[in-house]
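These notes are about the structure you will find just below.
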Amino acid sequence: MSISIYNTLTRKKEPFVPAEPGKVRMYVCGPTVYDSCHIGHARSVVVFDVITRYLRRRGFEVIYVRNFTDIDDKIIRRAAELKVDPKDLAERYIREFHRDMDALKVERATLEPKATEHIPQIVQIIERLMEKGYAYQANGDVFFSVTAFPGYGKLSGRKLEDMEAGARVEVDERKRDPFDFVLWKASKPGEPAWESPWGPGRPGWHIECSAMSAAYLGETFDIHGGGKDLIFPHHENEIAQSEAAFGRPFVTYWVHNGFININHEKMSKSLGNFLLIRDLLETYPPEAIRLFLLSSHYRSPIDFTPGQMEEALSGLDKLYALLQRAQAALKPDTMKGEAMFSGAYWDRFCNAMDNDFNTAQGIGVLFDAARSANRLMDETSDPGRDDFQRHIGGTVSQIRGMGDVLGLFTESAESYFESRQVQLQKEKPVDTAAVEALVAERAAARRAKDWARADAIRRHLEEMNVILEDRQEKTIWKLK
RNA sequence: GGCGGCAUAGCCAAGUGGUAAGGCAGCGGUCUGCAAAACCGCUAUACUCCGGUUCGAAUCCGGAUGCCGCCUCCA
């Protein structure tokens, strides 16, 4: 079975065949580091994290490049507002990005190049575009001439004449065509600047990606990803620059993830509904956020609501509870349930993932496996039997295997539930000593078969937001 | 004005022409002193509507309606 990927360029699902067998070269547009990361960034980063993990699991060597745009108008503006150096501002938000994404269990990209560290490569491409007649100068700025590039619009399906130029933005009268875009921007006094043949300035937004992808992945590479919003103009412009400069196809597969709405509304600064990752992490376990993000197909829009997150959380609780239960049932000398990448569930999972990385379907397989393991444990009368051990061990191992691709079950069930309780304690504190005392009192009542007393205590605890589970050995309590 | 997407049960969501995964919630049951958890069963005569292609369509084509996104910085 081969992997198929929906390609924005052709608007079709296509079998995935990398240029060099066994090796995948992938570039994903990273953030412009002028502010904290929100849930939308998380979606893109998590989606491509899972894609990378899956491709690697399927045996590909993946060179995954994700850039940081660390010089740009927004960075300069924000730095001026805060009266800090733009470089310091960028570095601060790069650190934040790493902190947030590490917390979300995202693996680092193979390379994370920064625009400011590739100025020579950027200047070189612009020079080349000038030589070939695709670019022109206008007092210190350099523009790309879209009419000089015949394929312009092929990614976004736009024709130049169909677009309402200047409908929303004033057109720079120095441009030959309203859709010409800046490759090199002359700096104003006090702004960060690099020397160039056209005078001191800084790179335009799009050119860095053309330069850095060529530097690390070559002039043609396999996968280019990013959020849907980047299709136009960013990726369209990248294609124009790279193909004009190098005279060969830029990217084979274009992959774009959908957006996140917040409570049915578009996330926007004006609505003030930006959900920052670090704020979300205050409330939810990182893997619940991942499970939420991966429960829909990566291209669909998804709606973030507290209810949706609670559902993801319930699901994650259920899966961790199964892992905990299975761990207790498995004999130490047999399988301990390490990740396994074969078997019926694994095959079904791969089948889903092969189909344009259908994580939603894959998660369905995960729950199927969990249910089957629970059933087996419910039904068995002799957990020591070899076939039982093998069966549970195999199922749990496959669950861990799927988790390995999705970035789930990275911690022990014990520590997961422990942090859940800590979290709940933070939200609705209870007096632990008092609860323990009541639980002990109820245990005594139960031993005396004083059910009325036991139930009264249970009700009392429930009012305190505490639920009880009477296990064989002892009673455990947890916060609701 | 141009381009694109989506419409599946109470909610979320998958579905790759052959007869509707999974999750959450709800109800019934098994288990339990009672619960909880887990499991079992039930919950879409059928996938917005109307046509068409086909032996056969949620899946393909045309049209209608309704949402949404992009065309400006944006994940």
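So that the names make sense, note that chain A is the first sequence line, chain B the second, and so on, each numbered from 1.
- Here Phe221(A) pairs with His224(A), Phe250(A) under the ring pair (Phe, Tyr, Trp, His ring centres under 6.0 Å) rule; sequence neighbours left out.
- Taking atom CG on Asn351(A) and atom C1' on G22(B), their separation rounds to 15 Å, with Å as the unit.
- For Arg158(A), the listed nucleotide lying nearest its side chain is C70(B); candidates were C11(B), C70(B), C24(B).
- A donor and an acceptor atom sit less than 3.5 Å apart, one in the side chain of Arg458(A) and one in the base of A35(B).
- For the pair Met267(A) CE and C68(B) C1', the computed distance is 15 Å after rounding to whole Å.
- The base of G33(B) sits with one of its N or O atoms less than 3.5 Å from a complementary donor or acceptor on the side chain of Arg446(A).
- As judged by a 4.0 angstrom heavy-atom cut-off over every strand, Met377(A) is placed among residues making no nucleic acid contact.
- The aromatic rings of His38(A) and His41(A) lie tilted to each other, with the angle between the two planes from 30° to 60°.
- Using C1' as the reference atom, C60(B) and C24(B) are 33 Å apart when rounded to the nearest Å.
- The side chain of Lys318(A) places an N or O atom within less than 4.0 Å of a non-bridging phosphate oxygen (OP1 or OP2) of C24(B).
- For Glu311(A) and G23(B), a side-chain-to-base donor-acceptor distance below 3.5 Å is present, hydrogens and geometry of angles not being considered.
- Atom name P, nucleotides A64(B) and A75(B): the rounded distance is 36 Å, in whole Å.
- Near RNA chain B, meaning a heavy atom under 4.0 Å from it, residues 273-282 of chain A has no residue at all.
- Ring centroid separation for the pair Phe304(A) and Phe292(A) comes in under the 6.0 Å cut-off.
- Rounded to a whole Å, the CZ atom of Phe367(A) is 12 Å from the C1' atom of A13(B).
- Counting to the nearest Å, the P atom of C68(B) and the NE2 atom of His256(A) are 23 Å from each other.
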Determine which bases of RNA chain B form Watson-Crick or G-U wobble pairs with both distances under 3.5 Å, and write the result as a 5' to 3' dot-bracket string with | for other-strand partners. ((((((((.[[[..)..(...]]].(((((.......))))).....[[[[[..)....]]]]])))))))....

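- Base engagement by Asp455(A) is indicated by at least one non-hydrogen atom pair under 4.0 Å involving a base atom.
- At whole-Å resolution of the value, CZ in Phe179(A) and P in C71(B) are 11 Å apart.
- Contact annotation for Asn355(A): base contact, defined as any heavy-atom pair under 4.0 Å involving a base atom.
- Between Ser300(A) and the phosphate of C12(B), there is no side-chain N or O to OP1/OP2 separation shorter than 4.0 Å.
- Rounded to whole angstrom, the span from the NZ atom of Lys474(A) across to the P atom of A35(B) amounts to 23 Å.
- U65(B) and C50(B) have their C1' atoms separated by 11 Å, given to the nearest Å.
- Taking atom C1' in both A9(B) and A20(B), the straight-line distance is 11 Å, to the nearest Å.
- No engagement by Ile467(A) is indicated, since no non-hydrogen atom pair under 4.0 Å with the nucleic acid exists.
- Comment: Asp102(A) engages Arg108(A) in a salt bridge, judged by a side-chain N to carboxylate O separation of less than 4.0 angstrom.
- Straight-line distance from the NZ atom of Lys266(A) to the P atom of C71(B): 7 Å, rounded to whole Å.
- In this structure, Gln308(A) reaches the sugar-phosphate backbone alone: every heavy-atom distance under 4.0 Å involves primed, P, OP1 or OP2 atoms, never a base.
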